[in-house]
Undergrad: 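Structure provided below as structure tokens; questions to follow.
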Amino acid sequence: MLGPVILAASRSDRMRRLISAAPVTKQVVDRFIPGETVDDVVPIIQDLTSKGLELTMDVVGEDITTPEQAEAARDAYLTLIDRLKELELGTRAEMSVKLSMFGQALAGGHGLALANVRPVVEAAAAIGTTVTLDAEDHTTLDSMFAIHDELRKDFPQTGCVIQAYLFRTEADARRLAANGSRVRLVKGAYKEPAEVAYQHKHEIDKAYVRILKVLMEGDGYPMIGSHDPRLISIAQELARRAGRKPDEYEFQMLYGIRSDEHRRLAAQGHRMRVYTAYGTDWYGYFMRRLAEKPANLRFFARSMVSKG
């Protein structure tokens, strides 16, 4: 399986230097990450929203080693929110944040991450939108869920992400669904040990369906993070059985992947949100996109051969 190999490469400084230096890399990265600055992505935001799509915006960057870098990450999101306000698109784009970027892994990281993310959540609420806390590797999740619970005391619309491949996730989903949370369900994109996570695709897919059923039958707002046509069809059927209206759940897909499907679902009246990342520290995000889907890796490999 290539996925674990690619995920290991995502943590390798040597591979980072090699891939970053390849002449074709920027061209391929641009497929998934449409810019490095807010100004770069403003035309993307305007284009997607004009087509009836919504967005969740991610400023990429997880390798935080100082409190000052964590504060800079906070400020990058605040700048984004200011631009959304100027564009009067606040209700069409939410934020996705990784707490590692806000200092979660530093000394005193739990409190530091909470202190840094709260102003972002407050600013998002002020323009009519919200923030979703992305899931990272399993060792960070207790802290993430605790921060999620704390933020929801004042901002109940704050969302979080759960990962189908983890054994713990079905229990997490039951708790979150009962609490009425906004929950994005994804398969999972980190290399996790067999002690805590399913290792085979068919097991992960079955877990995804079980967990999605819990979310659809619960009191929360499910967000289906998948490009898998079969899972999308199953999600639609589960929503129908649960009596959910089209505005009571949504689909989420990555920018640059299955764009025709984005538009098709939106045209059918579904809420369709495009996960759009930007920033200079793109390497880890890019490598996980390759690991998630063999077609992405083939696309990159073909480009390396034809353009390198």
Undergrad: What is the minimum heavy-atom distance between Glu248 and Pro222, and which atoms define it?
TA: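 Closest approach of Glu248 to Pro222, heavy atoms only: O-CD, 3.5 Å.
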Undergrad: For Arg273, which of Arg92, Glu250, Arg184 qualifies under side-chain contact (heavy atoms from CB on, under 4.5 Å)?
TA: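 Answer after filtering Arg92, Glu250, Arg184: Glu250.
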Undergrad: Determine whether Met253 and Leu231 fall in the same hydrophobic cluster, where Ile, Leu, Val, Met, Phe, Trp and Tyr are linked whenever their side-chain heavy atoms lie under 4.5 Å apart.
TA: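 In one cluster: yes.
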Undergrad: Can a donor-acceptor pair be found, under 3.5 Å and without considering hydrogens, that links the side chain of Asp134 to the backbone of Ser96?
TA: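 Not confirmed, Asp134 side chain does not pair with Ser96 backbone.
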Undergrad: If the threshold is 4.0 Å, N to carboxylate O, is there a salt bridge linking Glu203 and Lys206?
TA: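 Looking at Lys206 together with Glu203, the answer is no, because their closest N to O distance does not fall below 4.0 Å.
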Undergrad: With side chains defined as the heavy atoms from C-beta onward, is the minimum distance between Val38 and Asp82 less than 4.5 Å?
TA: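 No, side chains not in contact.
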Undergrad: Would you call Leu133 and Val97 a side-chain contact if the rule is heavy atoms closer than 4.5 Å?
TA: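 The answer is yes, as the side chains (C-beta and beyond) meet within the 4.5 Å cut-off.
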Undergrad: List the steps, then state whether side-chain contact (heavy atoms from CB on, under 4.5 Å) holds for Asp149 with Arg175.
TA: CA-CA 11 Å; Asp149 290 343; Arg175 176 180 64 83; 3.5 Å; yes
Undergrad: Give a yes or no on whether the backbone of Ala72 and the side-chain of Asp75 come within a donor-acceptor separation of less than 3.5 Å.
TA: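 Checking the backbone N and O of Ala72 against the side chain of Asp75, no donor-acceptor pair under 3.5 Å is found.
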Undergrad: Do the side chains of Phe155 and Met223 join up, straight or via other hydrophobic residues, at under 4.5 Å, putting them in one cluster?
TA: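 In one cluster: no.
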Undergrad: Report yes or no: does Glu192 contribute a side-chain atom to a donor-acceptor pair with the main-chain N or O of Tyr165 at less than 3.5 Å?
TA: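 Side chain of Glu192 to backbone of Tyr165, a donor-acceptor pair under 3.5 Å: no, none is there.
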Undergrad: Membership question, hydrophobic clusters at under 4.5 Å side-chain separation (ILVMFWY): are Val161 and Val274 in the same one?
TA: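 Looking at the clustering, Val161 is in a separate group from Val274.
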Undergrad: Are Ser143 and Gln104 linked by a side-chain donor-acceptor pair shorter than 3.5 Å?
TA: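 A pair is found: one side chain offers a donor N or O, the other an acceptor, under 3.5 Å apart.
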Undergrad: Restricting to non-hydrogen atoms, name the atom on Arg74 and the atom on Pro119 that form the minimum distance, rounded to 0.1 Å.
TA: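 So the minimum-distance heavy-atom pair works out to CD-CG, 4.2 Å.
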Undergrad: Flag yes if Met144 and Leu215 sit in one hydrophobic cluster, no otherwise; membership is Ile, Leu, Val, Met, Phe, Trp, Tyr, and two members link when side-chain heavy atoms are under 4.5 Å apart.
TA: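 As far as the 4.5 Å side-chain criterion goes, Leu215 and Met144 are connected within one cluster.
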Undergrad: Above 12 or not: heavy atoms from other molecules or residues under 6.0 Å from CD of Gln268?
TA: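 Yes, CD of Gln268 has more than 12 neighbouring heavy atoms, counting only those of other groups under 6.0 Å.
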Undergrad: Let me confirm one number: the NE2-CG distance from His148 to Leu99, rounded to the nearest 0.5 Å.
TA: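 Taking NE2 in His148 and CG in Leu99, the distance rounds to 10.5 Å.
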Undergrad: Are His262 and Lys51 close enough that some pair of their side-chain heavy atoms sits under 4.5 Å apart?
TA: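 His262 does not reach Lys51 side chain to side chain.
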Undergrad: Are Val209 and Asp205 close enough, and set up right, to give a side-chain contact (heavy atoms from CB on, under 4.5 Å), and what steps lead you there?
TA: CA-CA 6 Å; Val209 173; Asp205 286 353; 5.8 Å; no
Undergrad: Looking only at heavy atoms, what is the nearest atom pair of Ala277 and Val60, with distance?
TA: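 Scanning both residues completely, I find the closest heavy atoms to be CB-CG1, 3.5 Å.
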Undergrad: Check whether Thr169 reaches the backbone of Asp172 with its side chain - one donor and one acceptor, N or O, closer than 3.5 Å.
TA: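 No, Thr169 side chain to Asp172 backbone: no donor-acceptor pair under 3.5 Å.
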Undergrad: Might you point out which heavy atoms bring Asn116 and Ala70 nearest each other, and give the distance in Å?
TA: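 Closest pair (atom of Asn116, atom of Ala70, distance): ND2-CB, 3.6 Å.
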Undergrad: Between Thr130 and Gln157, is there a donor-acceptor pair closer than 3.5 Å when you use the side chain of the first and the backbone of the second?
TA: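 A pair under 3.5 Å: yes.
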Undergrad: Using modelled atom types only, decide if a donor and an acceptor are shared between the side chain of Tyr208 and the backbone of Leu185 within a distance under 3.5 Å.
TA: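 Yes: the side chain of Tyr208 pairs with the backbone of Leu185.
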Undergrad: Using a 4.5 Å cut-off on heavy atoms from C-beta on, say whether the side chain of Thr49 contacts that of Leu87.
TA: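 No; the side chains remain at least 4.5 Å from each other.
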Undergrad: Can any side-chain N or O of Arg152 pair as donor or acceptor with the backbone N or O of Asn179 at less than 3.5 Å?
TA: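 Pair found, side chain donor or acceptor close to backbone of Asn179.
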Undergrad: I'd like to know if the side chain of Asp137 pairs up with that of Thr140 as donor and acceptor (distance under 3.5 Å, no hydrogens or angles considered).
TA: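 Distance-only check fails for Asp137 and Thr140.
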Undergrad: Taking the six-membered ring of Tyr221 as reference, does the NZ or CZ atom of Arg271 fall below 6.0 Å from its centre and within a 45° cone about the axis?
TA: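 Verdict for Tyr221: no cation-pi partner in Arg271.
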Undergrad: Looking at every heavy atom in both Val41 and Pro34, which two are closest together, and how far apart are they?
TA: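 Minimum heavy-atom separation between Val41 and Pro34: CG1-CG, 4.2 Å.
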Undergrad: Can any side-chain N or O of Asp40 pair as donor or acceptor with the backbone N or O of Glu36 at less than 3.5 Å?
TA: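 Yes, Asp40 side chain to Glu36 backbone: donor-acceptor pair under 3.5 Å.
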Undergrad: Are any of the side-chain heavy atoms of Met95 and Val117 separated by less than 4.5 Å?
TA: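 When only atoms from C-beta onward are counted, Val117 and Met95 do not touch, as no gap falls below 4.5 Å.
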Undergrad: Verify the cluster assignment for Val186 and Ile232: are they in a single hydrophobic cluster under the rule of side-chain heavy atoms below 4.5 Å apart?
TA: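 Not linked; separate clusters.
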Undergrad: Could you grab the distance from atom CD1 of Ile44 to atom CG of Leu53, nearest 0.5 Å is fine?
TA: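 Here the interatomic distance stands at 12.0 Å.
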Undergrad: Run the side-chain contact (heavy atoms from CB on, under 4.5 Å) test on Glu54 and Thr129 for me, step by step, so that the C-alpha distance in whole Å, both residues' side-chain angles and the decisive distance to 0.1 Å come before the verdict.
TA: CA-CA 11 Å; Glu54 299 181 42; Thr129 189; over 6 Å; no
Undergrad: Consider only side-chain N and O atoms of Glu94 and Thr56, and report whether a donor and an acceptor are under 3.5 Å apart.
TA: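 Their side chains do contain a donor-acceptor pair, which is all the 3.5 Å distance test asks for.
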Undergrad: Could you tell me if the side chain of Phe32 sits less than 4.5 Å from the side chain of Ile257, heavy atoms only?
TA: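 Yes. Closest side-chain heavy atoms under 4.5 Å.
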Undergrad: Between Gln236 and Phe251, is there a side-chain heavy-atom distance shorter than 4.5 Å?
TA: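 Result yes, sub-4.5 Å side-chain heavy-atom pair found.
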Undergrad: Apply the test side-chain contact (heavy atoms from CB on, under 4.5 Å) to residues Lys187 and Lys201: give CA-CA distance (whole Å), side-chain angles for both, the deciding distance (0.1 Å), then the verdict.
TA: CA-CA 9 Å; Lys187 289 186 180 181; Lys201 182 181 183 301; 4.2 Å; yes
Undergrad: Rounded to the nearest 0.5 Å, what separates atom OH in Tyr198 from atom CG in Leu166?
TA: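 If I round to the nearest 0.5 Å, the distance is 10.0 Å.
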Undergrad: Got a second to check how far Glu150's CD is from Thr158's OG1, nearest 0.5 Å?
TA: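 Taking CD in Glu150 and OG1 in Thr158, the distance rounds to 11.0 Å.
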Undergrad: Parallel under 30°, tilted from 30 to 60°, perpendicular over 60°: which one fits the rings of His200 and His202?
TA: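 Parallel.
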Undergrad: Quick one: pull up CG in Leu254 and CG in Asp58 and give me the separation to the nearest 0.5 Å.
TA: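 Leu254 atom CG to Asp58 atom CG measures 10.0 Å (nearest 0.5 Å).
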Undergrad: Whether the side chain of Ser181 engages the backbone of Val183 through a donor-acceptor N/O pair (distance < 3.5 Å, no angle test) should be reported.
TA: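 Absent.
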Undergrad: Are the side chains of Tyr278 and Val59 in touch, meaning some heavy atoms are under 4.5 Å apart?
TA: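 Side chain of Tyr278 against side chain of Val59, heavy atoms only: contact under 4.5 Å found.
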Undergrad: Regarding Asp260 and Arg264, does a basic nitrogen lie under 4.0 Å from an acidic carboxylate oxygen?
TA: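 So Asp260 does not pair with Arg264 through a salt bridge.
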Undergrad: Provide the closest heavy-atom pair for Met57 versus Ile45 in the form atom of the first, atom of the second, distance.
TA: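 That would be CE-CD1, 3.9 Å.
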Undergrad: Atom CG of Leu265 and atom CZ of Arg263: how far apart are they, to the nearest 0.5 Å?
TA: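 Rounded to the nearest 0.5 Å, the CG-CZ separation comes to 11.5 Å.
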